[in-house]
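See structure below.
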Amino acid sequence: MRHARFTPRDLLAALAVVVIWGLNFVAMKFALHDFTPFQLGAARFAAAVLPLVFFIRPPRLHWKWVVLFGLFQGLGQFGFLFMALKVGMTAALASVLMQTQLFFTAIFSFVLLRERATRALQAGLLLAALGLACFAMNYIAPHLDTARATTALGFVLNLGAAAMWAGSNIVARKAQQATPQFDALAFVVWSSLVPIVPFIALSMVFDDGATRWLHLASWRAVPLSTWFAIAYLGWAATTGAYGLWTALLKRHAANRVAPFGLGVPVVGLAAGMLVLGESVTAWQWAGIALVVAALACVLFGDRYLNKKSFQPLPDQHI
C-alpha cells in the first residue's frame with residue numbers, strides 16, 4: 001500500500017470531523033429526551049438522506065459494500081450507542097469509550113487488510129490505553145455522580161458501538177479498494193438508507209406506544225430543540241462528517257486515519273462542561289493529556305523514528 005502524507009486539507013478535514021463528532025454526543029442526549037434509541041436511529045438517518053438522495057447518484061460500486069457499511073455504521077454503531085446512552089451512559093464517557101474503535105480497527109486491519117503498526121503507533125496505543133484508563137477511574141468510585149449515571153450494560157453497549165465503528169472503517173477501506181472511482185459522499189448518503197427500515201421495525205416491535213407516531217399531534221409535540229438536534233445528527237454528524245471521514249479512508253490506511261478519533265473525547269468533555277454542566281476531574285485532565293500525546297505520537301513519531309507509519313505485511317504463499 002502506498003504511504004501518503006497528510007496534506008493541510010486532510011488535517012483540516014480530520015479536525016472538522018473531531019469537532020462535529022465531539023458535539024455529537026450532546027445532541028444525542030437532547031434527542032433521546034423525546035425519542036427512543038430505535039426512533040432516534042430512524043430519524044437520524046432519514047435526515048441524513050433527505051434531500052441529498054434525490055440529487056446524488058448511487059455510488060458505482062457493488063451493492064454489498066453499501067449494505068454492509070449501512071449495517072455496521074448505521075444500525076450497529078448507532079443502535080448500540082443510542083441504547084447505551086439511554087440505559088446508562090454519560091455523554092462525556094461515551095465520547096471516550098467510542099475511541100476504543102482505534103484498538104478494534106488496529107486488530108481488524110491486521111487480520112483483514114494486512115496492515116501492521118510501527119513503533120510509533122504501538123507507543124501511541126499504549127498512551128491511549130493509559131488515557132482511557134484515567135478516564136475510567138472516574139467511574140469506578142461509587143461516590144461519584146458520574147459513576148451512578150452509568151451502568152454495566154451501558155458500558156458493554158458502548159464498547160459494542162466502538163467495535164461496529166471499527167467494522168465500518170474496514171468496510172469503507174475495502175469498498176474503495178474495489179472501486180477505482182470511489183465517491184465518498186454518494187457512498188455515505190446511499191448507505192444511510194439501509195438502517196432506516198430496520199430501525200423502524202425494531203421500534204414497532206420493542207417500543208411501547210410506537211403507533212403514536214401515526215398521529216400528527218405526536219410530531220407537533222416534539223420540541224424544536226429536539227428537531228435541531230436530529231438535523232445536526234443527520235446532516236452534520238452523519239452526511240458531512242462521515243463523508244469527510246470516508247474520503248480520508250480513501251486516501252490513507254484505515255489504522256492511520258483512526259487515531260484522529262482520539263481528539264473526539266477532548267471536544268466531548270468540553271461540550272459536557274459547557275452544555276451539560278459536567279465537571280472535569282484531575283483524572284480526566286490526565287486522560288486528556290495522554291490522549292493528545294497519543295495522537296501526536298501517532299502523527300509525528302515516525303519522522304523521528306525514520307520509518308513509515310504503516311507497511312503491508314509481506315505476501316504469504318501457501
Check this for me: [X], atom [atom1], are more than 12 non-hydrogen atoms of other residues, nucleotides or ligands nearer than 6.0 Å?
| X | atom1 | result |
| --- | --- | --- |
| Phe72 | CZ | no |
| Lys86 | NZ | yes |
| Phe182 | CZ | yes |

To the nearest 0.5 Å, tell me how far [X] [atom1] sits from [Y] [atom2].
| X | Y | atom1 | atom2 | result |
| --- | --- | --- | --- | --- |
| Leu32 | Leu81 | CG | CG | 8.5 Å |
| Leu40 | Leu233 | CG | CG | 6.0 Å |
| Leu68 | His62 | CG | NE2 | 10.0 Å |
| Leu12 | Thr7 | CG | OG1 | 9.5 Å |
| Gln176 | Leu61 | CD | CG | 11.0 Å |

Trace of the side chain to side chain contact (heavy atoms under 4.5 Å, CB included) decision for Gln39 with Phe199: CA-CA 7 Å; Gln39 292 166 357; Phe199 271 130; over 6 Å; no
Side chain to side chain contact (heavy atoms under 4.5 Å, CB included) between Gln73 and Phe45, intermediate numbers included: CA-CA 11 Å; Gln73 182 262 350; Phe45 288 98; 3.8 Å; yes
Side-chain donor or acceptor of [X] paired with backbone N/O of [Y] under 3.5 Å:
| X | Y | answer |
| --- | --- | --- |
| Trp245 | Ala13 | no |
| Thr239 | Ala48 | yes |
| Ser191 | Phe187 | yes |
| Trp190 | Val66 | no |

side-chain hydrogen bond (donor to acceptor under 3.5 Å, both in side chains) partners of Thr238, counting only residues at least two apart: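 Thr238 satisfies side-chain hydrogen bond (donor to acceptor under 3.5 Å, both in side chains) with Arg44 once adjacent residues are dropped.
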Worked verdict on Phe155 versus Leu97 for side chain to side chain contact (heavy atoms under 4.5 Å, CB included): CA-CA 8 Å; Phe155 183 83; Leu97 291 178; 3.6 Å; yes
The single option from Tyr232, Trp165, Phe260 passing ring pair (Phe, Tyr, Trp, His ring centres under 6.0 Å) against Trp21: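 With Trp21 as partner, Tyr232, Trp165, Phe260 yield a single ring pair (Phe, Tyr, Trp, His ring centres under 6.0 Å), made by Trp165.
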Smallest separation among heavy atoms of Ala162 and Phe104, with atom names: C-CD1, 4.0 Å
Trp227 and Phe35 aromatic ring geometry - parallel, tilted or perpendicular at 30°/60° bounds: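 Perpendicular.
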Aromatic plane relationship, Phe30 with His33 - under 30° parallel, 30 to 60° tilted, over 60° perpendicular: perpendicular
Trace of the side chain to side chain contact (heavy atoms under 4.5 Å, CB included) decision for Val18 with Val266: CA-CA 9 Å; Val18 167; Val266 178; over 6 Å; no
Partner of Met98 under side-chain contact (heavy atoms from CB on, under 4.5 Å), chosen from Asn158, Val264, Asn24: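 Single pass found, and it is Asn158.
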Side-chain heavy atoms of Asp183 within contact of Leu185, under 4.5 Å: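 SC-SC contact between Asp183 and Leu185 confirmed.
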